[in-house]
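In what follows, a structure is listed as structure tokens, so that the remarks can point back to it.
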Amino acid sequence: MKIFIDSADLTEIEHAYSQVIVDGITTNPSLLKKALEKRREKDLKQYLRKILLVAKGTPVSLEVTAYTARSMIEEGTKLYQLFNPVAKNVYIKIPINPAFKDADTTHFDGLAAIRELTQRKIPINCTLIFTPEQALLAAKAGAKIVSPFAGRIDDYLRMQQGLKFEKSDYFPATGWIDQGKVWNDNGVVSGIDLVRQCVQVLRQYNLNTEVLAASLRNTRQVREAALVGAHMATMPLEVIQDLLKHPLTYKGMEKFTADLVPEYAELV
Ligand code: E4P
């Protein structure tokens, strides 16, 4: 499974690329807002170019902000023409269904944009996937990647039941059983279950679309995303760092270091 960093913070991105094996970057408008505010960046074009160069050879998803098919196609094409020449690694992120409350758009605008941009040979990462059927339709429209948001499904299930939780708290992949019933969102019992169902549906029909497990907030979710066959997983830098931690690893290092005899230390 490929590991992506879910960030628009250049310092974090540079750190991740220099220290560990990172296979790509996902950004979204909220991550960019956070990074720009923190860094007081003024020149967004230059800033994005720097990110693309750090990630050279690995994909970087840039999300559109428009929400009608026509405007998403226009924005996606412009973003791609402007930024893909920098390092040839841009994916355009299109929401599966941009018809949020009061928006002047339809349920089909996302699919129309994916289809048209795909015909223009622009690779698409379809975002805000919360059901396997959304993933299926995005794949049929031509998306190269679909991004089920695992963590947000877990939050949603807990919030519906009024459960207090921290964002990073683990939620059981097999679902939360309460008085003999499993909490579920129309048959999806957890974020990881959503990822699993997306993988299964796309595999069943040999669709040429990869599943990127998104919105991951802890290491156990990352492990479970790998176990259910996600092709990629995106996560914040802290979660990438946590992937390496275990108390017995620290303890083992202490013991090996303490046991080091001078002859061994002088070997090389
Ligand atoms: C993925 O592409 C999104 O940027 C991201 O994973 C969303 O994560 P969040 O739910 O933690 O905001």
Side-chain angles (χ1 to χ4, degrees), residues 1-6 22-28 55 57-64 66-67 69 72-73 75-77 79-80 83-84 88-99 106-153 173 185-188 190-216 221-222 224-235:
M1 182 174 73
K2 290 181 176 165
I3 303 287
F4 283 34
I5 179 166
D6 199 22
V22 179
D23 304 300
I25 303 173
T26 49
T27 67
N28 63 39
T58 65
V60 179
S61 292
L62 299 180
E63 185 158 346
V64 295
Y67 41 79
M72 283 192 285
I73 293 165
E75 187 186 355
T77 306
L79 276 175
Y80 191 75
F83 291 110
N84 194 54
K88 305 248 177 305
N89 54 352
V90 171
Y91 273 61
I92 297 297
K93 238 176 159 185
I94 301 285
I96 181 64
N97 179 353
T106 79
H107 297 294
F108 295 101
D109 280 31
L111 288 181
I114 294 169
R115 193 177 47 199
E116 177 59 30
L117 290 167
T118 299
Q119 275 165 10
R120 295 182 186 186
K121 306 256 175 291
I122 296 176
I124 302 301
N125 171 357
C126 181
T127 190
L128 288 173
I129 296 280
F130 291 98
T131 71
E133 49 275 20
Q134 287 180 330
L136 176 64
L137 291 173
K140 281 161 68 74
K144 285 252 173 263
I145 297 174
V146 288
S147 293
F149 276 32
R152 291 195 195 184
I153 281 284
D185 177 39
N186 197 21
V188 170
S190 69
I192 290 299
D193 186 40
L194 169 67
V195 174
R196 182 188 64 76
Q197 292 191 28
C198 291
V199 169
Q200 194 178 331
V201 166
L202 300 188
R203 190 179 289 155
Q204 187 135 312
Y205 297 104
N206 286 326
L207 287 157
N208 192 20
T209 301
E210 295 194 308
V211 176
L212 188 159
S215 180
L216 299 180
Q221 258 184 334
V222 177
E224 288 168 349
L227 286 169
V228 299
H231 303 87
M232 300 159 250
T234 190
M235 65 210 78

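All of these numbers come straight from a predicted model, not from anything done at the bench. Index from 1, following the sequence.
Val64 has its side chain within reach of Pro95: a pair of non-hydrogen atoms, C-beta onward, lies under 4.5 Å apart. The side-chain heavy atoms of Thr77 and Glu116, taken from C-beta on, include no pair separated by under 4.5 Å. At least one side-chain heavy atom of Leu128 sits less than 4.5 Å from a side-chain heavy atom of Arg152. The shortest distance between side-chain heavy atoms of Asn186 and Thr131 does not fall below 4.5 Å. The closest side-chain heavy-atom distance from Ile3 to Thr234 is not below 4.5 Å. Using a 4.5 Å heavy-atom threshold, the side chains of Leu194 and Asp185 count as separate. Side-chain atoms of Val228 and Glu224, non-hydrogen and from C-beta on, never get closer than 4.5 Å to each other. For the pair Leu136 and Leu207, the minimum side-chain heavy-atom distance is below 4.5 Å.
Of all the heavy atoms in Gly110 and Ile94, the pair that sits closest is O-CG2, 3.8 Å. Of all heavy-atom pairs between Ala139 and Leu202, the closest is CB-CD2, 3.7 Å. Contact detail for Leu216 and Ala225: the closest heavy-atom pair is CD1-CB, 4.4 Å. Among all heavy-atom pairs drawn from Pro132 and Cys198, the shortest one is CA-SG, 3.9 Å. For Asp193 against Gly187, the heavy-atom pair with the smallest separation is OD2-O, 3.7 Å. What you find for Pro123 and Lys121 is that their closest heavy atoms are CD-O, 3.7 Å.
Leu117 contributes atom CG, which lies 4.5 Å from atom CD1 of Ile124 (distance to the nearest 0.5 angstrom). To the nearest 0.5 Å, atoms CG (Leu62) and CG (Asn28) are separated by 11.0 Å. Separation of atoms CD (Glu210) and CG (Asn125) is listed at 11.0 Å; rounding is to 0.5 Å. Atom CE in Met1 sits 11.5 Å away from atom NE2 in His231 (nearest 0.5 Å). Rounding to the nearest 0.5 Å gives a distance of 8.5 Å between CD of Gln221 and OG of Ser190. Taken to the nearest 0.5 Å, the NZ atom of Lys93 stands 5.0 Å off from the OG1 atom of Thr26.
Thr106 pairs by the side chain to side chain contact (heavy atoms under 4.5 Å, CB included) definition with Phe108, Asp109, not counting sequence neighbours. In terms of the ring-ring contact (aromatic ring centres under 6.0 Å, His included) criterion, Tyr80 has no residue partners (sequence neighbours excluded).
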Show your reasoning for whether side chain to side chain donor-acceptor pair (under 3.5 Å) applies to Gln119 and Arg115.
CA-CA 6 Å; Gln119 275 165 10; Arg115 193 177 47 199; 5.7 Å; no
Derivation of the side-chain contact (heavy atoms from CB on, under 4.5 Å) call for Leu79 and Ile92:
CA-CA 8 Å; Leu79 276 175; Ile92 297 297; 3.7 Å; yes
Check step by step if side-chain contact (heavy atoms from CB on, under 4.5 Å) holds for Ile25 and Phe4.
CA-CA 5 Å; Ile25 303 173; Phe4 283 34; 5.9 Å; no
Evaluate the side-chain contact (heavy atoms from CB on, under 4.5 Å) criterion for residues Ile73 and Arg120: first the C-alpha distance (whole Å), next the side-chain angles of each, then the deciding distance (0.1 Å), finally the verdict.
CA-CA 10 Å; Ile73 293 165; Arg120 295 182 186 186; 3.5 Å; yes
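Between the side chain of Ser147 and the main chain of Ala214, no donor-acceptor pair closer than 3.5 Å is present. In this structure, Thr209 contributes its side chain and Ala143 its backbone to a donor-acceptor pair below 3.5 Å. Between the side chain of Asn89 and the backbone N or O of Thr58, at least one donor-acceptor pair lies under 3.5 Å. In this structure a side-chain-to-backbone donor-acceptor pair under 3.5 Å is present from Glu75 to Ala66.
Remark: Tyr67 OH is loosely packed, at most 12 non-hydrogen atoms of other residues, nucleotides or ligands lying under 6.0 Å away. Enclosure of atom CD in Gln200 is not indicated, since only 12 or fewer non-hydrogen atoms of other residues, nucleotides or ligands lie within 6.0 angstrom.
Of the options Leu111, Ile129, Val146, Ile114, a side-chain contact (heavy atoms from CB on, under 4.5 Å) to Leu137 is made by Leu111 and by none of the others.
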